[in-house]
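First up is the structure itself, then whatever we jot down about it.
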2 protein chains.
Amino acid sequence: MPRPTIDDVATLAGVSIKTVSRVVNHEPNVRGLTRDKVEKAIAQLDYRPNPSARNLASSRARLIVLVYDDPSAYEVPSAGYIINMQEGALKACRKAGFELLIHPCNYRNENVGKELTELIGQVRPAGIIVAAPLSNLPLIVKPITETDTPCVRLSTGSGSAKEYTIGTNDREISAEMTRYLASLGHRRIAFVKGNRQHKAVGNRFKGYKDGLDESGLPYLEELVAEGDNSIGSGERCAEDLLRRSPRPTAIFSANDDMAAGVLRTANRLGISVPGELSIAGCDDIALAQQIYPALTTIRQPLSAMSELASLALVNSSRGNPHEPGLDVVPGIIKVRDSTAPAPE
Amino acid sequence: MPRPTIDDVATLAGVSIKTVSRVVNHEPNVRGLTRDKVEKAIAQLDYRPNPSARNLASSRARLIVLVYDDPSAYEVPSAGYIINMQEGALKACRKAGFELLIHPCNYRNENVGKELTELIGQVRPAGIIVAAPLSNLPLIVKPITETDTPCVRLSTGSGSAKEYTIGTNDREISAEMTRYLASLGHRRIAFVKGNRQHKAVGNRFKGYKDGLDESGLPYLEELVAEGDNSIGSGERCAEDLLRRSPRPTAIFSANDDMAAGVLRTANRLGISVPGELSIAGCDDIALAQQIYPALTTIRQPLSAMSELASLALVNSSRGNPHEPGLDVVPGIIKVRDSTAPAPE
DNA sequence: CGGCCAATTGACAGCGCAATCATTTACGCA
DNA sequence: TGCGTAAATGATTGCGCTGTCAATTGGCCG
């Protein structure tokens, strides 16, 4: 049996299809009595509008696109980050009856801009969420905004004058992590910086320096290494840092992958964690709990952020665009087993 | 400026819209000359068909749904598995101009069946891919097939009489892994079984026994433990197994998460890997390379499998349904650092 | 009770495309 | 050259819905 259409509902309820349309779309100016009749008919027929027809008629799809850095472009992709984001967006979409289209995207590709423009032209989404680090690249954001598609940036970096941005308190929470390490008695706290392209990790570095300062510890250039966000770079940075003398007793990395790399190196060198060396990361990807010892880290509220973003886009499609600006969803520190009081 | 429509193309090319439609959809019976004209017009206008209009007119969306076990239902979700699957499906979809809708799904939920039926009614996808372990649950598969939506099962378990199934040579490759461990001199090779509900892990257990047999080793009940696919269960099983005397010198787990758990336990107990204990897993999720030492494992060709599945569904929507049956994409053994010759 | 305005409802025209069926063209052969 | 057939092309309808604008209704006031 074919699915019921708006005509069937209208006939059953004894009204015109336009009235049914009004009820379905929660438009004003429908009498309570009429609304009840229509809703009863809808329930009775188990009617649900055909999205394609709606999209065609209104020329905008009930669909949100999530754009993020393509993990398959990397040797050892970091999947946890993405799954977390998808989760929040899916949640909001389901609640609103929207669908989520995922679009991993390689920013090294020459034609990303065109690719996105085409995607938008193709599916006409109600909105687009652009995740960090892509959200900091004009190369990505500009083509999107030029199509007039509502766009929310997920950026642990900074706000933007033109788009609504959802961020987190990277700098503050990183400072807090640093103070936490200091409170455990650590005096030589090293830091592994991440990819310079990513503003987020820059903020974390600033937070690290803030934290040192607030704990009355000096900032030492020799205790900072620069990675590229990958596990491998974490390993190399750790080799470097652990060669210093005296050795740092804690290493705080700008993301979990690098922290996992630090842990690998410590394991390889036979340095006990957390006995001789405390390790802290940032992101709380699944990996953080899968390695041994489980990583003390900063939980990025990624799921909450993408949920908020989706919500904003849904509202926007209903006529309430969100004004530009920065909303901050705070992260929290998850203390696990990779940090302990400083030795001695 | 509004996007060009099929009418614009027809006008520019001096043909009817039906002819344009034929060219766009690669239908036969168009003269080469005409085709060229139309294609030139399409290129000139940068025309791309409106998917909503197509869907409305043909009452089936150019869209594939990927259904998988909802990771957020678990405490420590295993994201790698999912990302790999998404990757292959995305690849095939892009090539065919299809979109991918992801639908994580909690099978413990009472209403999964209805949920899926509604989803299908809602979006009318060209097809659905159901990933293991959901693909082995009638609870999930039946409601789908009842809607006449083409459905491909991804199951490392077994084929099905009614749906096309893409699997892998779990049993054989697990036997090979076992033989490999035996070839390293291991005589006491333990096995960690996974969740009974998952046929795949059952096959791996069979493969383990085959491998022992082929290597002339006895099957010992005491060297088998039963986990539930989670890291935590791997830890517990390892505690059990390592209490045996003499201790096993190799532990082969039915998935990587549990192998990671085994490694955590070994680390905790101060047992050196791979010096005193070799560890092997199965799946080759990203985690396998993120822990130390990197895990020797069986690489599941998940991406290839989901790509194949998507392709089959695309073809199906073009009038070439795939007949039921089982296709096997073989896995391969990735030797990394967690396995070494047996001690002594 | 008549009149007027606002609230409510409906008629109808597309949105852009696929599919059906009718029409035209091309080609082979006698 | 003319006929028959198959190939190529086109005219038209309708998919299910939204948006526009017109028609109707109801309520309130004088």
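Values reported hereafter were calculated over all heavy atoms of this structure, with side chains retained and with hydrogens, waters and symmetry mates removed. Letters A, B, ... mirror the listed sequences (proteins, then strands); counts begin at 1.
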Margin query: Using side chain to side chain contact (heavy atoms under 4.5 Å, CB included), reason through Val15(A) and Val20(A) one step at a time and then give a plain yes or no.
Written below: CA-CA 7 Å; Val15(A) 300; Val20(A) 177; 3.8 Å; yes
Next item on the list: May I ask you to evaluate whether Asn25(A) reaches the phosphate of dT18(D), defined as a side-chain N or O under 4.0 Å from OP1 or OP2?
Entry: yes
Item checked: Among dC15(C), dC17(D), dC15(D), the nucleotide that comes nearest once only the side chain of Leu56(B) is considered -> dC15(D)
Check: With sequence neighbours left out, which residue pairs that include part of residues 104-114 of chain A fulfil the side-chain hydrogen bond (donor to acceptor under 3.5 Å, both in side chains) condition?
Finding: Tyr74(A)-Arg108(A), Asn106(A)-Arg108(A)
Checklist line | Nucleotide dC15(C), atom C1' - distance to CZ of Arg54(B) in whole Å | finding: 16 Å
Next item on the list: Compare the minimum distances between each of dT18(D), dA18(C), dG19(D) and the side chain of Ala57(B), then state the nucleotide with the smallest one.
Entry: dA18(C)
Note to self: In this structure, how many angstroms lie between the P atom of dT8(C) and the CD atom of Glu27(A), rounded?
What the structure shows: 13 Å
Notebook entry, point to check: Sequence neighbours excluded, which residues qualify as salt bridge (Lys or Arg N to Asp or Glu O under 4.0 Å) partners of Glu39(A)?
Noted result: none
Note to self: Working to the nearest 0.5 angstrom, can you tell me the gap between Leu134(A) CG and Ile140(A) CD1?
What the structure shows: 5.0 Å
Note to self: Could you tell me if the side chain of Pro49(B) sits less than 4.5 Å from the side chain of Ile6(B), heavy atoms only?
What the structure shows: no
Notebook entry, point to check: Hey, what bend do you get for the helix from dC1(C)-dG30(D) to dA30(C)-dT1(D) if you fit axes on five pairs at each end, rounded to 10°?
Noted result: 40°
Item checked: Between P of dT18(D) and NE2 of His26(A), the distance in whole Å -> 12 Å
Next item on the list: Can you sort out the partners of Gln44(B) under side-chain contact (heavy atoms from CB on, under 4.5 Å), two or more places apart, ordered by chain and number?
Entry: Leu12(B)
Notebook entry, point to check: Whole Å only: how far is the CZ atom of Arg48(B) from the C1' atom of dG16(C)?
Noted result: 15 Å
Next item on the list: Summarise protein proximity over nucleotides 7-12 of chain D in one line of letters, 5' to 3': B for base, S for sugar-phosphate only, - for none, counting protein heavy atoms closer than 4.0 Å.
Entry: -SBBBB
Check: What's the CD1-P distance between Ile6(B) and dG14(C), to the nearest Å?
Finding: 19 Å
Notebook entry, point to check: Is there a side-chain contact between Tyr81(A) and Asp69(A) (heavy atoms, below 4.5 Å)?
Noted result: no
Notebook entry, point to check: Rounding to a whole Å, what distance do you find between Leu33(B):CG and dA26(C):C1'?
Noted result: 13 Å
Note to self: From CG of Asn50(A) over to P of dC17(D), roughly how many Å is that when rounded to an integer?
What the structure shows: 6 Å
Checklist line | With His322(A) via ring pair (Phe, Tyr, Trp, His ring centres under 6.0 Å) - residues at least two apart | finding: Tyr164(A)
Margin query: Side chains of Arg153(B) and Asn136(B), heavy atoms from C-beta outward: is any pair under 4.5 Å?
Written below: yes
